[in-house]
Amino acid sequence: MTLNDLRSAPVRTRYAPSPTGPQHIGGIRSALFGWLYARRHGGQFILRIEDTDQKRTVPGAVELIQESFDWLGIDIDEGPREGGEYGPYVQSDRLELYQSWAKRLVAQGHAYKCFATAEELSEMRALGRGYDRRYRDIPDWQAAELEAQGKSYVIRFKMPQSGVTVGADMIRGQVEFDNTQLQDAVILKSDGYPTYHLAHIVDDYHMRISHVTRAVEWLPSFPLHLSIWEALGWEKPQFAHLPVMLNPNGKGKLSKRRQQFAESGRSVPVLAREFMEAGYLPEAVINFLINIGWNFGDDREVFSLNEAIERFDLKDVNPANSAYPIKKLDWLNSQYMQRADVDKLARRLKPVLESAGYRVDEERLRQVVPLLQVRLKTLRDAAPMAGFFFADWSTFEAPPHQILIQRKMTVDGARMVLSRSLPTLEDLEDFSAAAQHAAMTRLAKDLGLKNGQVFGTLRAAVTGQRVSPPTFETMEILGRDESLRRIKLALESLALATN
RNA sequence: GGCCCCUUCGUCUAGCGGCCUAGGAUGCCACCCUUUCAAGGUGGAGACACGGGUUCGAGUCCCGUAGGGGCUACCA
């Protein structure tokens, strides 16, 4: 390849998951890095489904994978749903391709048929050295005979038995492997399906993948893959073995199993859809993910996908695995909540409130959102904080006394505050929050109470909650009639209180 | 066990031989602001795993050790 070819060769990266179930956030992050690199270079991002293990394939998983990417806004250029000129993009639809290349490797002496039975294999394993290459050098006539007898076989790749394989990794530089450590891996199984080792190479080549991005667990088989590329006589792509995320406590690879961690006592989201269910914004999740193993470069923590694209480079990815910093997502999400456009946030809040059982009026929601933005960590926090706006007002009941009578207040004090508030609010020409605030501040002074004592008592009366959006803004939205009605309700309730 | 990778505040990270008395973020603590909860502001505690080299000079390069992670399937 000439320098010019290198310049013009488009960057094509791919994410190649097995359709074994819902998407793990670790896989998403790997995909994201490949996607970012493709976008940075104006290239393409391909989704390829690696379903060569029939036993593990689960129906519907492909749709789940696509949903995850849709939600996050990671667009796919070529894939099972999008199509593309290098399809099909599902490996089980490409079986003949793998088989013909496997045959070719056998014909050229780079691979061989291995007739070892499961029993033989497990005996060898018990000896501790793995497959001993016993069929590597049997004469052709013997292989033909075994095959004629109907013995089943796999095709194994002949690894060089000496020397060193040196691989170039974009993230950590040169990596060396002693060839004598490697076994003759199976590349075509007895059921005619290829293993990952063969399939991904055949596909990456035919799909013109320019940069192979995948998790570090593939590093040990890197020399195998390099040897296969070599044997096939194909120009190799570049490789980047991405670090993985560890559990929040730093122990072990982040597991798909929902688990709890002692420090927080709560289980952390690890599946793509769990982030959605937990009320995180996709932009925040993306930002969060990009910041693990890569950073923006000038101390910025909050940035958009487009801003990240401009700066992203696989070479800058930190080679070290990292503990899953899930606590940072709460902060990041709240940053996005604060900066969000009101209409947009309202649209996202609506279904969350509805699923909490509220009937949501959009106009009212837009009024409420600005009060919420600075207070929410996740979308789900909206329900306990502001659900009362969307409940049936006619069924509102005064809260229990322990809520109505806040700290540093007495029954009489609360009664006083509420009864004096009534006429004050009633007489207000303008029921805006600002006007209320001014009037109530005066009242507090008259009563010799702190603002907090007065405002808090009103808050409890009007919202039924100890914690709520600001009192006067809340009353402005509820309206004067409803606010006064609630205050009267609270007074009636307090009338029965004895102190 | 063998092989491979990794190692900076609790955590995510900046640092690519002198700009580092190691910067940012989060989390934590304190104070300020304040109408609850938040948000915001200010400040604080908090790290170069260890040991050898190389060099005038090492967080930065090399080698060991330790620790962590991964691979070692007819799974990917």
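Reminder, nothing fancy here: chain letters follow the sequence lines and each chain counts from 1.
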Under the 3.5 Å rule, do the base of U36(B) and the side chain of Arg375(A) count as making a donor-acceptor pair?
yes
Between Gln453(A) and Thr52(A), name the one whose nearest nucleotide on RNA chain B is closer to the 5' end.
Gln453(A)
Please work out if Ala185(A) contacts a base, only the sugar-phosphate, or nothing of the nucleic acid, heavy-atom cut-off 4.0 Å.
nothing
Using a cut-off of strictly less than 4.0 Å between a heavy atom of the residue and any atom of RNA chain B, enumerate the qualifying residues of residues 292-301 of chain A by number.
Ile292(A), Gly293(A), Asn295(A), Asp299(A), Glu301(A)
Does His437(A) reach a base, just sugar-phosphate, or nothing at all? Heavy atoms under 4.0 Å.
base
Check: U36(B) base within 3.5 Å donor-acceptor of Ser468(A) side chain
no
Between U35(B) and Arg459(A), counting only base atoms on the nucleotide and side-chain atoms on the residue, is there a donor-acceptor pair under 3.5 Å?
yes
Options A25(B), U35(B), C74(B), nucleotide nearest the side-chain atoms of Lys328(A)
A25(B)
When you measure only distances, ignoring hydrogens and angles, does the side chain of Thr195(A) come within 3.5 Å of the base of C74(B) through a donor and an acceptor?
no
Of all the nucleotides listed (C75(B), C74(B), U36(B)), which has the minimum atom distance to the side chain of Val186(A)?
C74(B)
Hey, does the side chain of Gln335(A) come within less than 4.0 Å of G40(B)'s phosphate (OP1/OP2), counting only N and O?
yes
In terms of the nearest nucleotide of RNA chain B, which residue is placed more toward the 5' end: Asn451(A) or Asp316(A)?
Asp316(A)
Nucleotide of C74(B), G40(B), U11(B) approaching Pro325(A) most closely (side-chain heavy atoms):
U11(B)
Are Tyr336(A) and Asn287(A) close enough that a side-chain donor and a side-chain acceptor fall under 3.5 Å?
yes
Nearest whole Å is fine: how far is U13(B) C1' from Leu332(A) CG?
14 Å
Shortest non-hydrogen pair, Pro243(A) vs Asn321(A), comes out as CA-OD1, 3.4 Å
Exercise: do Tyr112(A) and Asp184(A) side chains pair donor with acceptor under 3.5 Å
yes
Identify each atom pair where a protein N or O and an N or O of nucleotides 1-5 of chain B are less than 3.5 Å apart, giving names and distance.
from	atom 1	to	atom 2	distance (Å)
G2(B)	O2'	Gln181(A)	OE1	2.9
C5(B)	O2'	Arg172(A)	NH1	3.0

For U26(B), take OP1 and OP2 only and decide whether either is under 4.0 Å from a side-chain N or O of Lys377(A).
no
How many angstroms lie between atom CD1 of Ile171(A) and atom NE2 of His241(A), to the nearest 0.5 angstrom?
9.0 Å
What are the two closest heavy atoms between Tyr89(A) and Pro80(A), and how far apart are they?
CB-N, 3.7 Å
Euclidean distance for C1', A73(B) against C62(B) (whole angstrom)
38 Å
C12(B), C74(B), U72(B): which one has an atom nearest the side-chain heavy atoms of Gln183(A)?
U72(B)
Below the 4.0 Å mark, does U11(B) have OP1 or OP2 next to a side-chain nitrogen or oxygen of Ser322(A)?
no
Using atom names, set out every protein N or O paired with an N or O of nucleotides 28-30 of chain B below 3.5 Å, distance rounded to 0.1 Å.
none

Compare the minimum distances between each of C37(B), G27(B), A39(B) and the side chain of Lys327(A), then state the nucleotide with the smallest one.
G27(B)
Flag, side chain of Asp51(A) to backbone of Pro19(A), donor-acceptor distance under 3.5 Å:
no
For C16(B), does either OP1 or OP2 sit under 4.0 Å from a side-chain N or O belonging to Lys315(A)?
no
If we take the C1' atom in both C75(B) and C16(B), what is their distance in whole Å?
38 Å
Closest to the Arg56(A) side chain, choosing from U36(B), U11(B), A76(B):
A76(B)
Can you tell me how far apart CG (Leu443(A)) and OG (Ser421(A)) are? Round to the nearest 0.5 Å.
5.0 Å
Between Ile28(A) and Ala272(A), the two heavy atoms sitting closest are CD1-CB, 4.1 Å
Please state the C1' separation for the pair G10(B) and A47(B) - nearest whole angstrom.
10 Å
For Ser493(A), does its backbone N or O pair with a side-chain atom of His401(A) as donor and acceptor, under 3.5 Å?
yes
Of the listed C74(B), U35(B), A38(B), the closest approach to the Ser190(A) side chain comes from C74(B)
Answer with yes or no whether the side chains of Arg459(A) and Ser468(A) bring together a donor and an acceptor at under 3.5 Å.
yes
Cation-pi check for Phe296(A) against Arg311(A): NZ or CZ below 6.0 Å from the six-membered ring centre and within 45 degrees of the axis, yes or no?
yes
